[in-house]
J.: 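This structure is in structure tokens; I'll ask about it shortly.
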2 protein chains.
Amino acid sequence: MSQDSEAAARLGDSSLLRRLNLAAALGAFIKSPSLTLRELREIVGVSRPTAEDLLAELLEYGRVEETAAPRQPAGRGAGRPARHFRFRAESGYVSGIDIGAHKTLAVVTDLRGNPLALHRRDLDPGLPAADRLRAAVDTARACWADAGLEPGDITGVACGVTGALRAPEGVFDVAAGPAGSGLTPYSLPGFTEVDVAAALSSGLGLKVTVANDIKLAALAEHWKGAAQDHRDIVYMFAGHRAGAGVLLDGQVHQGRHGAAGEIGALPMLGWESAVERLHARGAELAAGNTSMPAGREGELVIASAALQDPESIAVLIEFAEVLARGAAVLTLAVDPEIVVLGGGMSRGGAIIAEPFRRELSKLMLFPIEVVTSTMGADSVALGAARLALDAVFADLLDVPGVDPRS
Amino acid sequence: MSQDSEAAARLGDSSLLRRLNLAAALGAFIKSPSLTLRELREIVGVSRPTAEDLLAELLEYGRVEETAAPRQPAGRGAGRPARHFRFRAESGYVSGIDIGAHKTLAVVTDLRGNPLALHRRDLDPGLPAADRLRAAVDTARACWADAGLEPGDITGVACGVTGALRAPEGVFDVAAGPAGSGLTPYSLPGFTEVDVAAALSSGLGLKVTVANDIKLAALAEHWKGAAQDHRDIVYMFAGHRAGAGVLLDGQVHQGRHGAAGEIGALPMLGWESAVERLHARGAELAAGNTSMPAGREGELVIASAALQDPESIAVLIEFAEVLARGAAVLTLAVDPEIVVLGGGMSRGGAIIAEPFRRELSKLMLFPIEVVTSTMGADSVALGAARLALDAVFADLLDVPGVDPRS
């Protein structure tokens with residue numbers, strides 16, 4: 001009936017309560033350099049026999065090991081010293097991959113999420129799907145080799161890709177709009193015809209989860225970026241294209257079809273024409289500049305706007321304003337704590353951020369805090385690593401075992 | 001790190017685990033006519049001593065009592081018969097109040113949410129705030145008297161009011177747009193200058209929680225209406241005005257300022273002019289019809305459209321289409337399982353529902369199920385009762401006690 005009793009009704013089997021205790025124990029170890037049994041018991045709030053069972057289970061699965069006691073202040077009394085245990089962050093590794101129009105990028109982290117290596121390869125925006133997927137597989141393998149790891153060391157892999165995604169029962173694959181809808185959300189060449197998750201899984205020999213890249217960038221912003229202190233976040237992506245993602249309670253809000261945040265599909269927002277004008281201006285400025293790498297035209301527009309080029313300034317203001325209209329829509333829809341402006345164009349500084357803030361505040365019922373992303377070009381790959389990490393812990397907590405409380 | 005471990009980190013004290021067990025026990029009793037200790041133990045999934053502690057606590061707080069055994073099939077074996085216990089739905093009562101432009105309405109239910117009485121009073125839309133609040137207080141008291149209850153019998157009261165609301169730390173009061181914003185969301189006369197919660201609490205001698213009426217109608221639809229099988233819901237209100245509410249995981253998604261769903265404030269949706277045209281057409285049709293009660297003009301427009309009046313048909317189609325545009329915005333923002341079309345105008349049938357569905361499906365990336373509300377004019381008051389019930393159970397589960405698992 002109440003939120004608590006509904007939550008508890010779902011807890012109506014003891015294995016879920018056991019998992020919650022195990023999760024709490026694991027969380028306690030992840031947050032501390034080391035813990036004694038007494039400390040574990042106090043943090044998780046369980047009886048001594050339960051704490052012993054939890055510790056035994058984590059030791060058995062190799063996630064925790066005994067370690068030397070941290071340096072003690074002198075004269076701490078006699079008696080047998082307590083045994084100390086630590087989380088084995090190196091007991092598994094996860095990898096996050098980003099497949100975009102102009103690059104593919106992979107990171108690998110330990111189970112605490114500390115990055116060990118990053119590998120990047122530039123791609124031609126017209127590259128066919130099969131070649132793009134092969135490049136992503138090669139990049140991930142190169143990244144793992146950089147960190148001195150074999151594929152067998154990798155516990156989980158996730159990948160962010162550009163495009164709207166479906167999420168039937170948690171399995172993602174790239175989707176276009178419904179047949180005959182006339183809606184074809186932006187996606188990579190050929191990606192509406194391949195099963196990205198299957199192709200990457202087969203190429204890497206590991207199960208790969210695929211998610212929308214902008215949602216993963218939002219997750220990275222919450223994990224390691226500008227939105228670490230907030231749990232309800234609207235993330236606006238200003239890059240070679242425009243996009244949005246929503247985090248609620250610190251998790252990506254996927255929605256029923258994995259489409260939450262896909263407001264760019266609404267013609268009334270005018271995103272498509274603003275993005276087209278930005279690309280056209282970038283192409284004009286790049287004409288004759290053959291050394292300009294593909295996908296960096298936005299930087300040219302920003303640079304020329306900084307030199308007071310009126311045409312580039314007008315194009316960027318329009319781009320910022322249509323993005324702000326999308327932010328207003330999402331902010332009124334979910335009423336978040338904060339709006340994050342991210343993506344490569346957000347690094348253009350005030351020239352994007354000021355018209356964005358001005359237009360957004362005009363449309364709001366209440367003042368809303370806007371921050372600019374502090375993440376770099378690795379945000380999607382890091383968000384993917386975080387998603388893989390979540391899956392590893394979810395698996396870990398699903399192991400069978402006796403109920404430690406009975 | 002993972003969702004489970006984050007949830008568990010918040011569970012880092014044993015009292016919360018104890019509350020979850022207590023909530024599960026209470027939920028089990030609410031769902032069954034009666035339970036034995038063995039049945040309770042099996043449903044909650046705890047050891048016998050823990051189940052005994054939980055039962056003792058619920059007995060002590062008067063929420064459960066021993067009852068006669070249900071009729072048994074003959075020859076069920078010898079031995080001492082098991083004792084049976086039942087939830088005391090009559091151990092408390094909650095009341096839900098609706099304060100609208102044209103009426104105030106109150107319901108009272110037992111702790112299982114069964115309505116015992118409903119009382120309604122029509123109001124003049126221009127009635128000053130103080131008189132409107134007094135009428136609501138009188139209506140609630142009359143409702144309680146209808147059910148044979150004294151104010152002292154009422155455990156919790158919540159009230160839905162028309163208007164955008166702020167929710168600082170869970171306390172709601174009516175708010176207009178920020179000063180100088182030019183935005184003045186629809187609210188009842190004078191209600192931006194009074195503390196509605198304080199006025200009702202003082203008038204009734206009980207703490208009253210105040211919430212936005214449309215969000216409560218959405219909650220009622222999930223509780224007892226067309227959306228009982230769904231947890232992620234976009235609710236569109238088509239009545240004397242237009243509005244929306246979002247439920248996520250079966251709960252009202254309030255957002256940071258209690259403003260989630262307030263997309264009507266976006267000028268690009270064109271809600272205001274469509275509602276004005278509806279009112280104007282209703283006023284034209286009502287001219288000379290002095291017996292027409294205030295606030296029922298929409299019914300006149302629907303009736304004349306059913307008689308093929310082209311002007312009324314055009315006005316209703318426009319109203320349905322702008323509402324559909326709002327539904328598209330919210331559906332792309334949160335990607336719900338279902339869209340519910342509610343409010344008095346939704347009872348106009350196909351004349352509203354068909355253009356609504358058509359326009360919504362044009363704007364969507366994916367097909368979305370649309371259902372029409374099955375609730376009547378008491379939906380806001382019932383949603384308020386449900387909110388009050390949630391608060392009663394939350395309080396109940398916060399009682400101090402020993403950890404039943406240690």
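Chain A is the first sequence line, chain B the second, and so forth, proteins listed ahead of strands; every chain is numbered from 1. Values in this document were obtained by computation on a predicted structure and should not be read as measured data.
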J.: Report the option among B:Leu266, B:Ile368, B:Asp232 that has the most heavy-atom pairs separated by less than 4.5 Å from atoms of chain A.
T.: B:Leu266
J.: Tell me, yes or no, whether the heavy-atom count around B:Glu52 atom CD, taken from other residues, nucleotides or ligands under 6.0 Å, exceeds 12.
T.: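 Buried by this count: over 12 neighbours within 6.0 Å.
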J.: Looking only at heavy atoms and a cut-off of under 4.5 Å, which of B:Ile263, B:Leu269, B:Val334, B:Leu330 has the most pairs with chain A?
T.: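 With the most close heavy-atom pairs to chain A, the winner is B:Val334.
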J.: Taking side chain to side chain contact (heavy atoms under 4.5 Å, CB included) as the definition, give me every residue that meets it alongside A:Ala324, ordered by chain and number, with sequence neighbours left out.
T.: A:Phe356, A:Glu359, A:Leu360
J.: Can you tell which part of B:Arg48 gets under 4.5 Å to a heavy atom of chain A, answering side chain, backbone, both or neither?
T.: neither
J.: Using the side chain to side chain contact (heavy atoms under 4.5 Å, CB included) criterion, which residues pair with A:Gln228? Sequence neighbours excluded.
T.: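 For A:Gln228, no residue satisfies side chain to side chain contact (heavy atoms under 4.5 Å, CB included) once neighbours in sequence are set aside.
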J.: Assess whether side chain to side chain contact (heavy atoms under 4.5 Å, CB included) is satisfied between B:Lys31 and B:Ile43, documenting all intermediate values.
T.: CA-CA 11 Å; B:Lys31 284 179 195 117; B:Ile43 293 171; over 6 Å; no
J.: Which bit of A:Val246 is near chain B, if near means a heavy-atom gap under 4.5 Å: side chain, backbone, both or neither?
T.: side chain
